[in-house]
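Just so we're on the same page: letters track the sequence lines, and every chain starts at 1. Here the structure is a predicted model, which is why all the values come from computation and not from measurement.
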There are 2 protein chains.
Amino acid sequence: MFSQSEENYIKAIYHLGEFSEKGISTNAIAKKLNTKASSVTDMVRKLSEKKLVVYKKYQGVTLTEFGKKTATGIIRKHRLWEVFLVNKLNFSWDEVHDVAEQLEHIKSPKLIDELDAFLGHPKRDPHGDPIPDKDGNLQVIEKNLLATLDKGEKGICVGVDDSSSEFLRFLDKQEIALGKHIEVLEKEPFDGSFLIKIDEKELSVSNKIATNLYIQK
Amino acid sequence: MFSQSEENYIKAIYHLGEFSEKGISTNAIAKKLNTKASSVTDMVRKLSEKKLVVYKKYQGVTLTEFGKKTATGIIRKHRLWEVFLVNKLNFSWDEVHDVAEQLEHIKSPKLIDELDAFLGHPKRDPHGDPIPDKDGNLQVIEKNLLATLDKGEKGICVGVDDSSSEFLRFLDKQEIALGKHIEVLEKEPFDGSFLIKIDEKELSVSNKIATNLYIQK
DNA sequence: AGATATTTTTAGGTTAGTCTAAAAATTATT
DNA sequence: AATAATTTTTAGACTAACCTAAAAATATCT
Ligand SMILES: [Mn+2]
Ligand SMILES: [Mn+2]
Ligand SMILES: [Mn+2]
Ligand SMILES: [Mn+2]
């Protein structure tokens with residue numbers, strides 16, 4: 001099996017590669033993991049020896065099929081634990097990340113299968129992100145940043161891009177939650193803010209929010 | 001906070017010191033943790049700098065109050081997770097140890113408080129061992145090895161000394177479980193085996209079992 | 001008590017994962 | 001195309017947690 005550190009690298013590479021075809025740069029990984037580029041070089045060499053990534057000097061790195069499978073396995077655990085914390089242990093969605101970051105490294109196939117069943121085979125985590133199944137498949141749903149919607153368009157909140165505690169607590173305060181219906185009443189060209197209708201109430205949200213909240217039309 | 005390795009040492013020292021007054025020897029710790037005595041010497045030096053233990057060369061080691069508090073904190077987590085695995089995730093009592101050994105190192109005060117509440121503040125783990133409360137207090141109950149009982153004495157199974165998978169599965173096979181009533185019908189001097197009554201049935205158990213099963217008279 | 005056996009510590013070494021600073025390669029700019 | 005800026009790798013070093021082998025201290029035996 002892999003070390004905690006190796007697993008964190010694999011997950012980071014997976015996430016950085018989700019929406020890009022090219023190799024992931026040393027610097028990008030270093031930034032995501034708060035390490036130095038030189039440490040990343042060392043680690044990707046090791047991961048490449050272990051057949052998790054393909055790495056050529058100066059060319060960045062991409063996950064192999066085995067690497068992808070490993071990554072989705074870790075993500076599955078992370079997201080299932082998040083569901084557990086929120087649904088069973090009264091955590092709020094902004095409190096789960098750091099704990100899940102630790103729990104995702106627990107090694108026990110039985111544990112994760114049973115947890116999945118115990119939670120009723122959830123399909124998404126508390127932030128709207130899909131939970132990969134045992135084989136690593138994860139359903140991608142259609143979702144658009146609120147910022148991309150036009151005046152008059154409607155939809156349902158289905159996810160967040162930034163899942164930092166600060167952002168999530170701010171959403172809580174504004175009473176914006178996953179599952180709620182939203183309609184764009186106005187787009188303000190001046191500052192990029194949006195006037196939306198949510199819960200039959202009108203609410204003005206900043207551009208910062210609009211570029212971090214996903215809507216399913 | 002402490003590293004996983006430091007925590008494992010603290011827990012080992014706690015358990016080795018439970019029934020002895022003297023300092024715990026380097027060798028005893030090494031044996032328990034499957035390391036070498038020289039590694040233990042290094043580590044106890046570090047633990048002593050961190051005020052977790054008192055250590056004088058060649059004199060063995062004892063936990064400070066702070067060390068004891070730390071130890072019971074880890075044991076509390078270990079045992080609560082064991083209860084979770086058995087009561088909620090369909091693990092059997094012989095499957096939980098290795099997983100709990102990992103889970104006990106997760107750092108999150110809220111997690112363990114909520115888990116405790118979720119489980120209904122259990123007092124004992126699946127092996128009959130007491131679960132320390134938040135302040136580290138743990139209730140010691142009266143328990144005697146079956147081997148120490150005399151002919152005619154009765155009691156309830158309340159714990160096991162050895163909680164290895166092999167022993168626990170053997171108890172399962174013999175249909176010996178915590179909570180069951182037992183009466184000593186015969187003690188066989190020849191091989192130290194016992195003839196007991198359990199579930200209205202008679203059963204002969206070896207001396208090995210009798211010296212690993214606790215009874216509350 | 002003196003010799004012998006056992007335990008514990010010391011000395012020196014290894015590996016994983018990190019770092020800083022310098023060198024090399026790549027990319028961007030004029 | 002040459003130069004400058006940026007990115008990436010290399011070189012060398014550090015710490016935590018281990019190890020083996022040898023030395024020192026303690027315990028046991030005659
Ligand atoms: Mn992690
Ligand atoms: Mn999430
Ligand atoms: Mn452990
Ligand atoms: Mn137990």
Kindly list each side-chain donor-acceptor pair under 3.5 angstrom involving residues 111-118 of chain A, sequence neighbours excluded, with atom names and distances?
residue: A/Asp113; atom: OD2; partner: A/Lys134; partner atom: NZ; Å: 3.1
residue: A/Asp116; atom: OD2; partner: A/Arg76; partner atom: NH2; Å: 3.3
residue: A/Asp116; atom: OD2; partner: A/His121; partner atom: ND1; Å: 2.9

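- Not counting sequence neighbours, B/Tyr9 has no partner by the ring-ring contact (aromatic ring centres under 6.0 Å, His included) test.
- Scored by the ring-ring contact (aromatic ring centres under 6.0 Å, His included) test, B/His78 finds B/His97 as partners (sequence neighbours excluded).
- Dashed line: the shortest gap from a side-chain N or O of A/Thr26 to OP1 or OP2 of D/dT9 is under 4.0 Å.
- A cation-pi arrangement is absent between B/Lys68 and B/Tyr14, since the terminal nitrogen or guanidinium carbon is not both under 6.0 Å from the aromatic centre and inside a 45° cone about the axis.
- Residues B/Trp93 and B/Asp125 bring no donor and acceptor atom of their side chains to less than 3.5 Å of each other.
- Residues meeting the side chain to side chain donor-acceptor pair (under 3.5 Å) test with B/Asp133, sequence neighbours left out: none.
- One atom, NZ of B/Lys31, and another, C1' of C/dT8, lie 17 Å apart when rounded to the nearest Å.
- The main-chain N or O of A/Ser193 is found under 3.5 Å from a side-chain atom of A/Asp191 such that the two form a donor-acceptor pair.
- At a non-hydrogen distance threshold of 4.0 Å, B/Tyr55, B/Lys57, B/Tyr58 from residues 53-63 of chain B come into contact with DNA chain C.
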Are any protein N/O atoms closer than 3.5 Å to N/O atoms in nucleotides 19-22 of chain C? If there are, list each pair with its distance.
residue: C/dC19; atom: OP2; partner: A/Lys36; partner atom: N; Å: 3.1
residue: C/dC19; atom: OP2; partner: A/Ser39; partner atom: OG; Å: 2.7
residue: C/dT20; atom: OP2; partner: A/Lys36; partner atom: NZ; Å: 3.2
residue: C/dT20; atom: O4; partner: A/Ser38; partner atom: OG; Å: 2.9

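- The pair B/Glu142-B/Lys217 does not count as a salt bridge, with every side-chain nitrogen at least 4.0 angstrom from each carboxylate oxygen.
- Atom C1' of nucleotide D/dT7 and atom CD1 of A/Ile29 are separated by 13 Å, given to the nearest angstrom.
- Rounded to whole angstrom, the span from the NZ atom of A/Lys22 across to the P atom of C/dT27 amounts to 10 Å.
- Sorted by first and then second residue, the salt bridge (charged side-chain N to carboxylate O under 4.0 Å, His left out) pairs with a member in residues 96-108 of chain A read A/Glu7-A/Lys107, A/Lys11-A/Glu101, A/Lys11-A/Glu104; sequence neighbours excluded.
- A heavy-atom distance below 4.5 Å is not found between the side chains of B/Glu188 and B/Phe194.
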Can you give me every donor-acceptor pair (side chain of residues 18-40 of chain B, partner residue at least two apart or in another chain, under 3.5 Å) with its distance?
residue: B/Ser25; atom: OG; partner: B/Ala28; partner atom: N; Å: 3.0

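- Helical stems involving DNA chain D, defined as 3 or more consecutive Watson-Crick or G-U pairs under 3.5 Å, span C:1-30 with D:1-30.
- Close to C/dT10, at under 4.0 Å from its OP1 or OP2, lies a side-chain N or O of B/Arg45.
- The stretch residues 4-18 of chain A touches DNA chain C through A/Ser5, A/Tyr9, each having a heavy atom under 4.0 angstrom from the strand.
- In this structure A/Gln102 satisfies the side chain to side chain donor-acceptor pair (under 3.5 Å) test with no other residue, sequence neighbours excluded.
- Atom CE of A/Met43 and atom P of D/dT8 are 18 Å apart (whole Å).
- Residues meeting the side chain to side chain donor-acceptor pair (under 3.5 Å) test with A/Asp94, sequence neighbours left out: A/Ser92, A/Ser165, A/Arg169.
- OP1 or OP2 of D/dT8 has at least one side-chain nitrogen or oxygen of A/Asn27 nearer than 4.0 Å.
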